[in-house]
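Inspection log for the structure reproduced underneath, given as structure tokens.
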Amino acid sequence: MKQFLNFINGEFVATGKTFEDRIPATNEVIGLVHEAGQAEVDAAVAAGRAALKGEWGRMSVVKRTELLHAVADEINRRFDDFLAAELADTGKPRSLASHIDIPRGAANFKVFADIVKNVPTESFQMTTPDGGTAISYGVRSPLGVIGVICPWNLPLLLMTWKVGPALACGNTVIVKPSEETPATATLLGEVMNTVGIPKGVYQVLHGFGPGSAGAFITQHPGVNGITFTGETRTGEAIMAAAAKGVRPVSFELGGKNAGIVFADADFDKAVAGITRSAFENCGQVCLGTERVYVQRPIFEKFVAALKAKAEGLKVGGPDTPGVGLGPLISAEHRQKVLGYYAKAKEAGATVVTGGGTPPMEGEYANGHFVQPTIWTGLPESAAVIREEIFGPCCHIAPFDTEEEAIELANATDYGLATTVWTSDIGTATRVANAIEVGLCWVNSWFLRDLRTAFGGAKASGIGREGGVHSLEFYTELRNVMIKI
Ligand SMILES: NC(=O)C1=CN([C@@H]2O[C@H](COP(=O)(O)OP(=O)(O)OC[C@H]3O[C@@H](n4cnc5c(N)ncnc54)[C@H](O)[C@@H]3O)[C@@H](O)[C@H]2O)C=CC1
Ligand SMILES: O=C(O)/C=C/C=C(\O)C(=O)O
């Protein structure tokens, strides 16, 4: 059986305590994960701090960025290993992981290496009160040891989205992968050793949140900042831990994102776009659409078209021919999603399609599958319209005016993403300006440019990462003022 070890100071480390890693598509145990305790966290923090003072801390930006390019190249060289690890841990369709998760895992190192190498800091010249001159300029230093707390939905992509810029800026990182998806973070340890990243720069500790590695990392005074993607309530707990020592956090949290479809939208593209945003990755994307608002003249036609798309999604494992919908991550998460399916029925929803579990046979009989589900007819106060479900489901409601659509979309505590479908540039820009989110897609969804700001408003996060914005979190900016 596979053993997922911690990666501390360049070495793979076993502990006396293990938990099971299961394949979501079959519920089989794939391996044992070695849970890190306080001692391992202390050791990793000490190694991370030593690396900051050692070869890594002294390394030129050029050399550092060359090494990060080598990391990306090595991920690509071992593409099949990363893909196999991610598929076993998540069960997502092979086509999805091979087009998005693994390539982005590599790209996250190259993009941020290039940004750090090329982006200047500010500089000013001024006249001093005595009539002389002074010049000032900014210098960026690494923040220090960064705690990287990761979710399970896009394990390699989201972990490297943080590790890439953190290392490019000269920090060291301690990664805590989700307990559900330990594989690719562990594999990346091998890559780091192969390309010669110094010991203690990239470290991985396995375990859970409270009372385990997650809490021990975030509470550790030797950790200088924490970046986290996951549930809003977990963000609150991490923020409380970070308050001790006044340590900065960067959070990308939950969402309850709206999709707004105007009657003038390209109908087929809008249906295809909402099909992706509601069901891709089995709805386990924080940017996904769980609330769809469709302008009344096309409402019935849109519901029928989305129903046909949902029913056309083939449910299966990563290599099921034509698969469009994989399993949910775990039995526990499936219970949560099915709980919401039940709540929708209790609240009087019209179940347009789905609402339960698909009949699965053979090797997938025990996988964590649910049906893609569409509801209509619920009041906006219903739990399935207010709370993040993180499953392949959405509620569709009609609207009449642009103002009404904006009000409906904004009536949530969350503020992560919106997708707007219209052929009118005026409508698009007015809605994009009025919507209370960090990310607004128009006639698209999950179209990413890694140079742009990424993050959420309201309860969906704190701060922005992406492009130069990542530098704001991963560095301290010092101003140097020289009187001439
Ligand atoms: N990208 C996103 O926005 C994600 C949202 N979720 C949502 O969160 C729900 C719960 O899923 P979980 O995996 O339990 O998400 P979570 O947010 O609790 O866990 C994410 C990571 O945080 C760690 N963690 C949990 N509590 C912690 C603590 N007190 N201190 C430090 N680390 C801690 C976990 O071990 C994991 O690595 C899902 O049903 C879904 O609705 C889940 C994953 C990703
Ligand atoms: O950085 C991206 O392109 C994707 C981000 C997705 C999430 O943050 C998520 O689903 O949690």
Side-chain angles (χ1 to χ4, degrees), residues 19 33 35-36 41 90 92 100-101 103-105 107-108 111 147-162 164-165 174-182 185 204-220 223 226-242 249-257 277 280-288 290 328-330 332-337 339-340 387-391 393 414 416-417 438-439 441 445-450 452-456 459-461 464-467 470:
F19 59 92
V33 189
E35 183 180 353
V41 175
T90 63
K92 61 180 76 186
I100 295 191
D101 299 61
R104 263 290 301 280
N108 285 334
V111 166
V148 181
I149 310 292
C150 304
W152 42 256
N153 55 333
L154 301 158
L156 182 70
L157 185 158
L158 287 175
M159 184 261 288
T160 54
W161 172 245
K162 297 163 182 304
I174 301 177
V175 172
K176 214 295 282 166
S178 168
E179 50 275 35
E180 306 288 355
T181 52
V204 181
L205 298 176
H206 293 295
F208 304 86
S212 183
F216 300 151
I217 292 168
T218 55
Q219 289 163 2
H220 204 293
V223 171
I226 300 151
T227 176
F228 167 69
T229 298
E231 199 185 25
T232 297
R233 266 174 307 177
T234 308
E236 287 171 355
I238 293 176
M239 201 168 176
V249 295
S250 175
F251 285 167
E252 200 250 285
L253 305 174
K256 191 70 187 178
N257 310 305
S277 68
E280 192 158 276
N281 208 32
C282 204
Q284 302 168 119
V285 183
C286 63
L287 313 163
E290 292 186 355
L328 292 170
I329 192 71
S330 63
E332 189 190 352
H333 189 50
R334 187 185 194 229
Q335 272 315 107
K336 174 184 161 178
V337 173
Y340 277 106
E387 297 165 22
E388 183 182 59
I389 302 172
F390 229 60
C393 53
Y414 292 108
L416 189 55
L439 304 152
W441 277 287
W445 177 75
F446 207 161
L447 182 59
R448 295 281 285 113
D449 180 332
L450 306 189
T452 59
F454 186 91
S460 291
R464 295 290 181 272
E465 297 196 29
S470 292

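Just so you know, residue 1 is the first one in the sequence shown, and it goes up from there. Both ligands and their constituent atoms are indexed starting at 1 by order of listing.
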Would you name the heavy atoms of [X] and [Y] that are closest together and state the gap between them?
X: S178; Y: W152; value: OG-CD1, 3.3 Å
X: I100; Y: L157; value: CG2-CD1, 3.6 Å
X: T160; Y: P165; value: O-CD, 3.8 Å

Which value, rounded to the nearest 0.5 Å, describes the distance between T227 atom OG1 and I238 atom CD1?
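If we round to the nearest 0.5 Å, T227:OG1 and I238:CD1 are 9.5 Å apart.
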
Could you go through the side chain to side chain contact (heavy atoms under 4.5 Å, CB included) check for L253 and Y414 one step at a time?
CA-CA 9 Å; L253 305 174; Y414 292 108; 6.0 Å; no

For F19 and F208, take the angle between the two ring planes, folded into 0 to 90°, and tell me which bin it lands in: parallel under 30, tilted 30 to 60, perpendicular over 60.
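Aromatic pair F19/F208 classed tilted.
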
Do the ring planes of F446 and W441 sit parallel (below 30°), tilted (30 to 60°) or perpendicular (above 60°)?
tilted

Identify the closest protein heavy atom to [atom]: which residue and atom is it, and at what distance?
atom: atom 5 (C) of ligand 1; answer: F390 CZ, 3.5 Å
atom: atom 33 (C) of ligand 1; answer: G209 CA, 3.4 Å
atom: atom 8 (O) of ligand 1; answer: E231 CB, 3.2 Å
atom: atom 7 (C) of ligand 1; answer: E388 OE1, 3.5 Å
atom: atom 11 (O) of ligand 1; answer: W152 NE1, 3.7 Å
atom: atom 29 (N) of ligand 1; answer: A237 CB, 3.8 Å

Proximity of [X] to ligand 1 by residue part, where a heavy atom lies under 4.0 Å:
X: F228; answer: side chain
X: S212; answer: neither
X: R233; answer: neither
X: K336; answer: side chain

Yes or no, since that's all I need: does a protein heavy atom fall within a distance strictly under 4.0 Å of atom 18 (O) of ligand 1?
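At least one protein heavy atom is under 4.0 Å away.
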
Quick check on atom 41 (O) of ligand 1 - does any protein heavy atom sit closer than 4.0 Å to it?
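Answer yes: something from the protein, a heavy atom, is under 4.0 Å.
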
Ligand-residue contact atoms, ligand 1 with [X], heavy atoms, under 4.0 Å:
X: T234; result: 16 (P), 17 (O), 18 (O), 22 (O), 24 (N), 25 (C), 26 (N), 27 (C), 33 (C)
X: S178; result: 37 (O)
X: T229; result: 1 (N)
X: E179; result: 34 (C), 35 (O), 36 (C), 37 (O)
X: C286; result: 1 (N), 2 (C), 3 (O)
X: C150; result: 20 (C), 21 (C), 36 (C), 37 (O)
X: P151; result: 43 (C), 44 (C)

Tell me if a side-chain donor or acceptor on [X] pairs with a main-chain N or O of [Y] at a distance below 3.5 Å.
X: E252; Y: G455; value: no
X: K176; Y: G147; value: no
X: D101; Y: L156; value: no
X: N257; Y: C286; value: yes
X: E290; Y: F390; value: yes

Return yes or no for this condition: an N or O of K176 is under 3.5 Å from an N or O of ligand 1.
yes

What does the list of residues with a heavy atom under 4.0 Å from ligand 2 look like, ordered by chain and number?
R104, N153, L154, L157, L158, T229, E252, V285, C286, L287, F446, R448, F454

The residue among V175, I226, I174 that forms side chain to side chain contact (heavy atoms under 4.5 Å, CB included) with I149 is I226

L253 heavy atom under 4.0 Å from ligand 1:
yes

What do the steps show when you test L416 against L287 for side chain to side chain contact (heavy atoms under 4.5 Å, CB included), and what is the final call?
CA-CA 7 Å; L416 189 55; L287 313 163; 4.0 Å; yes

Kindly determine whether K162 and S250 satisfy side chain to side chain donor-acceptor pair (under 3.5 Å), including the steps that lead there.
CA-CA 10 Å; K162 297 163 182 304; S250 175; 5.4 Å; no

Worked check of side chain to side chain contact (heavy atoms under 4.5 Å, CB included) between Q284 and H333
CA-CA 10 Å; Q284 302 168 119; H333 189 50; 3.5 Å; yes

Shortest heavy-atom approach to atom 23 (C) of ligand 1 - which of L287, L328, I149, V285
I149

Could you walk me through whether W161 and R104 pass the side chain to side chain contact (heavy atoms under 4.5 Å, CB included) check?
CA-CA 8 Å; W161 172 245; R104 263 290 301 280; 3.4 Å; yes

